[in-house]
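The block underneath contains the structure these notes are about, expressed in C-alpha cells.
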Protein chains: 2
Amino acid sequence: MSLRNALFALLVVEPMTGYDLHKQFESSVGHVWHAPDSQIYPELKRMESEGLLEGEEIPWGPRGRKRQYHVTEAGKAAFRNWMNTPLEYARTRDPAHLKAAYLEWADPDAAREQLRAHIEHHTGLLGQWREKVREIEDGSSAMLNRRLANTPKADREKTSAYKIYTYEGLMSQAEAEIAWARRGLKLIDRLNG
Amino acid sequence: MSLRNALFALLVVEPMTGYDLHKQFESSVGHVWHAPDSQIYPELKRMESEGLLEGEEIPWGPRGRKRQYHVTEAGKAAFRNWMNTPLEYARTRDPAHLKAAYLEWADPDAAREQLRAHIEHHTGLLGQWREKVREIEDGSSAMLNRRLANTPKADREKTSAYKIYTYEGLMSQAEAEIAWARRGLKLIDRLNG
DNA sequence: CACCACTAACTATGTCGATAGGTAGTTTTG
DNA sequence: CAAAACTACCTATCGACATAGTTAGTGGTG
C-alpha cells in the first residue's frame with residue numbers, strides 16, 4: 001500500500017512516466033520508500049485499472065512512445081484518505097539489533113568492524129539528509145520547486161516545512177544509531193579489556 | 001537469512017520444538033525479529049535438510065509426538081559465520097516518514113492524531129524494553145537464565161551486557177521517534193495558526 | 001556514422017512475509 | 001467429565017520485494 005501512495009505523492013505534482021517515477025525513487029521519495037522499477041510498472045497498471053490513474057500515450061522522438069500517468073479525482077481521494085488514516089505498525093525486523101543481541105558469538109574484532117560500518121553507513125545518510133535540507137532551504141531542489149509551483153500559495157509553507165521535518169526525523173534516527181554504535185565500541189573494549 | 005539466524009540464536013541455548021520457538025518469537029527475539037509460525041516450521045525443515053539442525057521425535061503424552069531440534073556443529077559454524085559477516089544495509093522503507101513528508105495532504109486533526117498514535121506506539125515499546133532491561137538486571141529473565149547456564153563463565157557478562165545493549169538501542173530509537181513526533185505536533189500548531 | 005549512454009518499459013523467477021485457515025492431541029478448569 | 005484453552009504442526013494463498021534479464025528507441029560524442 002505504501003508504494004502506491006509514494007507514487008501518488010509524486011504524481012499529484014505533475015504527470016509522469018514510469019521511468020520518471022523510477023528516477024524519483026532514487027532520490028526524493030526514495031529516501032523514505034525504496035522501490036525498483038520492476039515494482040513500479042505493474043503497480044501503475046494496477047492503479048490505472050482501478051481508475052486511480054489515467055495513462056496517456058505520448059510520442060517521444062520520431063518513432064518512440066511513452067506512457068504518461070496523471071492522478072484522477074478518485075486517485076486524489078484515495079491518497080487523501082490514506083493520509084488521513086492511521087498507520088498500522090508492523091512488528092520489528094531489525095537485523096542490526098538482532099545481531100547486537102548475540103554479539104558474544106562474534107569475534108571482538110569482527111564486532112568492532114560491524115559497529116564501525118554501522119557508524120559509517122548512518123554518517124553517510126546523515127550527510128545526504130543535511131544536504132537535502134540545505135537544498136530545500138535555499139530553494140535549489142528541482143522537484144520541490146515544481147511541487148511548490150503546483151501548490152496553492154497558502155500551502156507552500158507547509159509543503160516545505162513537512163519535507164524538512166521528515167529529513168530532520170531521519171537525521172535523528174541516524175544520530176541515534178551512530179551514538180548507539182559508539183557506545184557499542186566502548187562496550188566491546190570494556191568486555192574484552 | 002535473518003530468520004534462520006534468529007532461530008540459531010535461540011537453539012544454541014537448548015533444543016526446542018517449532019512451537020517453543022514460535023513462542024519465543026512473541027517475546028525475546030521477537031522484539032528484534034518478528035516471525036509467524038507459518039514461516040518457522042518450513043525454515044526448520046530447510047535447515048535440517050541442509051544439515052544445520054537435527055530433529056528428534058520425542059513422545060508427548062500417551063499418543064502425541066513432537067519434534068525437537070538441536071543445532072549441529074555445521075549449524076553453529078554457520079551462525080558464527082553470520083555473526084562475523086558485515087550486514088548489508090537495505091534501503092529505507094519507512095511508512096511513518098513517508099507520510100510525514102506529505103502531511104500537507106492530511107487534515108491537521110488527522111495529522112495530529114497520527115503523531116499522537118506514533119508517540120503512544122513508541123511509548124509502549126519504550127515501557128516494554130525498560131521492563132526487559134530490568135528483568136535482565138535483576139536476573140528474573142527465564143530465557144536469559146537458561147542461556148547463562150549454557151554459557152561458559154567467562155562469557156556470561158558479555159551475554160547479559162549485549163542483551164541490555166540491544167534493548168538500550170531500541171530505547172534510543174523509540175525516544176528519537178517520540179521526540180520527533182512531539183516536534184511534529186508543535187509544527188502542525190504553528191502551520192495551522 | 002558508429003558507438004554508447006540514456007530513456008522507456010517491461011518480464012521472469014524466486015524468496016520473504018502476511019494472513020488465514022486446518023487437524024490432532026493434551027491439559028486445565030468449572 | 002465436558003468444554004475450553006493450550007500444545008503441536010502444518011498448508012495454502014497472496015502480495016511484496018529482490019534480482020536479473022530483455023527489447024527497443026533516442027540523442028549526443030568522437
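Protein chains get the first letters and strands the later ones, always in sequence-line order, with residue 1 at the start of each.
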Any luck finding a side-chain donor-acceptor pair between [X] and [Y] under 3.5 Å?
| X | Y | answer |
| --- | --- | --- |
| A:Asn5 | A:Ser2 | no |
| A:Asn192 | B:Lys158 | yes |
| B:Glu177 | A:Gln173 | yes |

Atom-pair distance ([atom1] on [X]; [atom2] on [N]), nearest Å:
| X | N | atom1 | atom2 | answer |
| --- | --- | --- | --- | --- |
| B:Phe25 | C:dC16 | CZ | C1' | 14 Å |
| B:Gln68 | D:dC9 | CD | C1' | 15 Å |
| A:Leu21 | C:dA8 | CG | P | 11 Å |
| B:His34 | C:dG17 | NE2 | C1' | 8 Å |
| B:Glu57 | D:dC10 | CD | C1' | 13 Å |

Is there a donor-acceptor pair closer than 3.5 Å between any side-chain N or O of B:Arg91 and the backbone N or O of A:His34?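 Side chain of B:Arg91 to backbone of A:His34: no pair is present.
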Taking B:Asp109's backbone N and O only, do any of them form a donor-acceptor pair with B:Asp107's side chain (distance below 3.5 Å, no angle check)?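 Pair absent, no side-chain N/O of B:Asp107 close to backbone of B:Asp109.
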If you look at every strand shown and take non-hydrogen atoms under 4.0 Å, does A:His22 touch a base, only sugar-phosphate, or nothing?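 Nothing: the residue A:His22, judged by heavy atoms under 4.0 Å, touches no strand.
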Can B:Val133 be reached from B:Val32 by stepping across I, L, V, M, F, W or Y side chains whose heavy atoms are under 4.5 Å apart?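 Linked, B:Val32 and B:Val133 end up in one cluster.
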Are A:Leu3 and A:Val13 connected, step by step, through hydrophobic side chains (Ile, Leu, Val, Met, Phe, Trp, Tyr) whose heavy atoms are closer than 4.5 Å?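 Yes, it is one cluster - the side chains of A:Leu3 and A:Val13 are joined through contacts under 4.5 Å.
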For DNA chain C, find the residues of residues 37-47 of chain A with a heavy-atom distance under 4.0 Å and give them by number; none if there aren't any.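 Result for residues 37-47 of chain A: A:Asp37, A:Ser38, A:Tyr41, A:Lys45, sorted by number.
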With the threshold set at under 4.0 Å for non-hydrogen atoms, list the residues of residues 4-18 of chain A touching DNA chain C in residue-number order.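 Going residue by residue through residues 4-18 of chain A, the ones with a heavy atom under 4.0 Å of DNA chain C turn out to be A:Thr17, A:Gly18.
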Which heavy atom in B:Leu187 sits nearest to a heavy atom in A:Ala161, and how many Å separate them?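 That would be CD2-O, 4.1 Å.
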Centroid-centroid under 6.0 Å between B:Tyr167 and A:His97 rings: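 So the answer is no for these two rings.
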Does A:Trp180 have its ring centroid less than 6.0 Å away from the ring centroid of A:His122?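 Distance test on ring centres: not under 6.0 Å, no.
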Can you find a side chain N or O atom of B:Tyr19 that sits less than 4.0 Å from OP1 or OP2 on D:dC9?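 For B:Tyr19, the contact criterion (side-chain N or O under 4.0 Å from OP1 or OP2 of D:dC9) is not met.
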Provide a list of protein-nucleic acid N or O atom pairs under 3.5 angstrom, restricted to nucleotides 22-26 of chain D.
{"from": "D:dG25", "atom 1": "O3'", "to": "A:Gly64", "atom 2": "N", "distance (Å)": "3.1"}
{"from": "D:dT26", "atom 1": "OP1", "to": "A:Trp60", "atom 2": "O", "distance (Å)": "3.4"}
{"from": "D:dT26", "atom 1": "OP1", "to": "A:Pro62", "atom 2": "N", "distance (Å)": "3.1"}
{"from": "D:dT26", "atom 1": "OP1", "to": "A:Arg63", "atom 2": "N", "distance (Å)": "2.7"}
{"from": "D:dT26", "atom 1": "OP1", "to": "A:Gly64", "atom 2": "N", "distance (Å)": "2.9"}

From D:dA18, C:dA9, C:dT7, pick the nucleotide closest to the side chain of A:Lys66?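 Of the options given, the side chain of A:Lys66 lies nearest C:dA9.
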I'd like to know whether B:His22 forms a side chain to side chain donor-acceptor pair (under 3.5 Å) with B:Tyr41, so could you lay out the CA-CA distance, the side-chain angles of the two residues, the decisive distance to 0.1 Å, and finally the verdict. CA-CA 9 Å; B:His22 144 75; B:Tyr41 287 108; over 6 Å; no
